[in-house]
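Whatever order the structure lists them in is the order used to number ligands and atoms, beginning at 1. Residue indices begin at 1 and follow the sequence shown.
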Amino acid sequence: MSEQVRRPAGTGTAVADPVLDVTDVAKVFRVAKGPSGNDRLRALDGVSLTLGRGETLGLVGESGCGKSTLARVLMMLEKPDGGTVRFDGTDPFGLRGAALLAFRRRVQMVFQDPFASLNSRMTAAEIIAEPWLTHRDMYPSRRDRAARVRELLHLVGLRPSDGEKYPQEFSGGQRQRLGIARALALDPDVIVLDEPVSALDLSVQAQVLNLLNDLQERLGVSYVFISHDLSVVRHVADRVAVMYLGKIVETGSTEQVFAHPRHPYTAALMSSAPSLDPAAARTKILLQGEIPSPLDPPSGCRFRTRCWQATDHCATAVPPLAPAPLEPDHLAACHYPLEALS
Ligand SMILES: Nc1ncnc2c1ncn2[C@@H]1O[C@H](COP(=O)(O)OP(=O)(O)O)[C@@H](O)[C@H]1O
Ligand code: SF4
Ligand SMILES: [Mg+2]
């Protein structure tokens, strides 16, 4: 495997040895006609990103911007209508049979609502062991399966006796731990976490985030961590990608993006997020208006209807994702990116 740092087309963000490489992915849904007569909803429009091994990429944006659609593409639950997805250089959509099954093992998912995603008629132990019914070669003996279930319960901070309980006997945080144990059962390389702590109380959120960080350190697993909440992403992500109406509008290291957001949308999201550090509180920028329908997105820059900097040029020219002058890995899709705060 090459250790060379490379820069995939479209993102410009350097990731050594990426486990996941998404280039120019589009996803179009056929829906009822909108006011303009359009019935093709572009949920993803030219999305490119990379995920390094053992890295966490935070994917942020308001509801409806395409985060879950991207998650479903990465899980191979939706086929993209354009662009490519590569895991370790392989396009999983080209795989069939045993190769496809082996591949599916490598990417697992944790959902927002652990209750809805766990079968209430199965015990925790049965839930964790269920993926091995499909992947029979992993733990062929009953004894190995039982031992591995105990290990996984321990790994996520549950007790061995919790294996006998049903999901409804757990608290929200414990259920999410169970969801994480199930995702880990197949030893994945990548876990896609779609709003994994959004349904939890703040104190429980912190425990689950710490568990995820701890597991990553121990196991080297990579995460795509999806949230509408920038302040949550800040605690877990090495790099951040900000989405708006199906496009990535800013990407960079967590440090770069939080120290000085370049895209007005990122700045607005950041200023609306509660800050734990009052000294760091920024001037509040209120996002004007509603998110436009993705069925009829604004021409030019999609953010222009809510942007306080918009000019006539923004209405006609689509801004490309372009690097900051002194930070080649910090990209923003804006004709007039914000200057770094001095
Ligand atoms: N199966 C589908 N059919 C039609 N439209 C869909 C489908 N899935 C998602 N969408 C639309 O795609 C857009 C992105 O949705 P989604 O990926 O769920 O956003 P997010 O997870 O960021 O809230 C939304 O406008 C949503 O209504
Ligand atoms: S391109 Fe124009 S409308 Fe879009 S974010 Fe930049 S300044 Fe605002
Ligand atoms: Mg979603």
Side-chain angles (χ1 to χ4, degrees), residues 22 25-35 38-47 49 58-75 77-81 109-113 116-117 192-199 224-230 232-233 241-251 261-271 285-322 324 331-339:
V22 172
V25 159
K27 181 69 205 175
V28 181
F29 293 114
R30 272 285 173 94
V31 294
K33 279 193 175 120
N38 185 15
D39 63 355
R40 286 160 182 261
L41 186 152
R42 295 185 76 83
L44 298 175
D45 194 353
V47 169
L49 49 86
L59 190 63
V60 194
E62 287 166 291
S63 176
C65 70
K67 304 181 298 295
S68 294
T69 301
L70 183 58
R72 291 175 62 76
V73 167
L74 298 181
M75 290 296 296
L77 299 170
E78 299 277 6
K79 198 173 186 317
D81 297 299
M109 187 145 176
V110 171
F111 298 90
Q112 169 174 355
D113 183 352
S117 65
V192 179
L193 302 121
D194 193 354
E195 306 268 7
V197 298
S198 304
V224 176
F225 188 104
I226 296 173
S227 178
H228 65 281
D229 185 345
L230 259 180
V232 166
V233 161
V242 181
M243 279 184 83
Y244 189 77
L245 280 180
K247 281 186 177 291
I248 291 183
V249 296
E250 179 156 3
T251 173
R262 298 181 64 228
H263 197 283
Y265 179 58
T266 315
L269 277 184
M270 216 172 267
S271 89
I285 306 166
L286 280 182
L287 271 174
Q288 325 161 12
E290 296 292 309
I291 311 177
S293 162
L295 201 48
D296 296 302
S299 62
C301 172
R302 292 183 176 191
F303 186 57
R304 71 178 169 81
T305 53
R306 300 168 84 193
C307 182
W308 62 96
Q309 290 198 141
T311 66
D312 290 349
H313 182 53
C314 303
T316 51
V318 177
L321 255 184
L331 292 85
C334 174
H335 295 303
Y336 315 105
L338 306 174
E339 301 284 334

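Here 1 is the count of protein N, O or S atoms positioned under 2.8 Å from atom 4 (Fe) of ligand 2, waters not counted.
Inside a sphere of radius 2.8 Å centred on the Mg ion (ligand 3), the protein N/O/S atoms present are Ser68 OG.
Side chains of Gln112 and Ser198 form a contact here, defined as non-hydrogen atoms less than 4.5 Å apart. Between Leu245 and Pro292, some side-chain heavy-atom pair lies under the 4.5 Å cut-off. For the pair His263 and Phe303, the minimum side-chain heavy-atom distance is below 4.5 Å. Counting heavy atoms from C-beta outward, Leu70 and Leu49 have side chains that approach closer than 4.5 Å. Residues Lys27 and Arg42 fail the side-chain proximity criterion, which asks for heavy atoms closer than 4.5 Å. Residues Cys334 and Arg262 are not in side-chain contact: their nearest non-hydrogen atoms beyond the backbone lie 4.5 Å or more apart. Using a 4.5 Å heavy-atom cutoff, the side chains of Tyr336 and Cys314 are in contact. Within the 4.5 Å cutoff, the side chain of Thr266 has no heavy atoms near those of the Leu338 side chain.
Within 4.0 Å of ligand 1, heavy atoms belong to protein residues Phe29, Val31, Leu41, Ala43, Glu62, Ser63, Gly64, Cys65, Gly66, Lys67, Ser68, Thr69, Pro294.
Looking at Val60, Val47, Ile226 one by one, the single match for side-chain contact (heavy atoms from CB on, under 4.5 Å) with Met243 turns out to be Val47. The side chain to side chain donor-acceptor pair (under 3.5 Å) test with Tyr244 singles out one residue from Arg306, Glu62, Arg302, and that residue is Arg306.
Of the inter-residue distances, the one linking Asp81 atom CG with Phe29 atom CZ reads 8.5 Å to the nearest 0.5 angstrom.
Under a 3.5 Å cut-off, the side chain of Ser299 and the backbone N or O of Thr316 do not form any donor-acceptor pair.
In terms of the ring pair (Phe, Tyr, Trp, His ring centres under 6.0 Å) criterion, residue partners of His335 (sequence neighbours excluded) are, by chain and number, His313.
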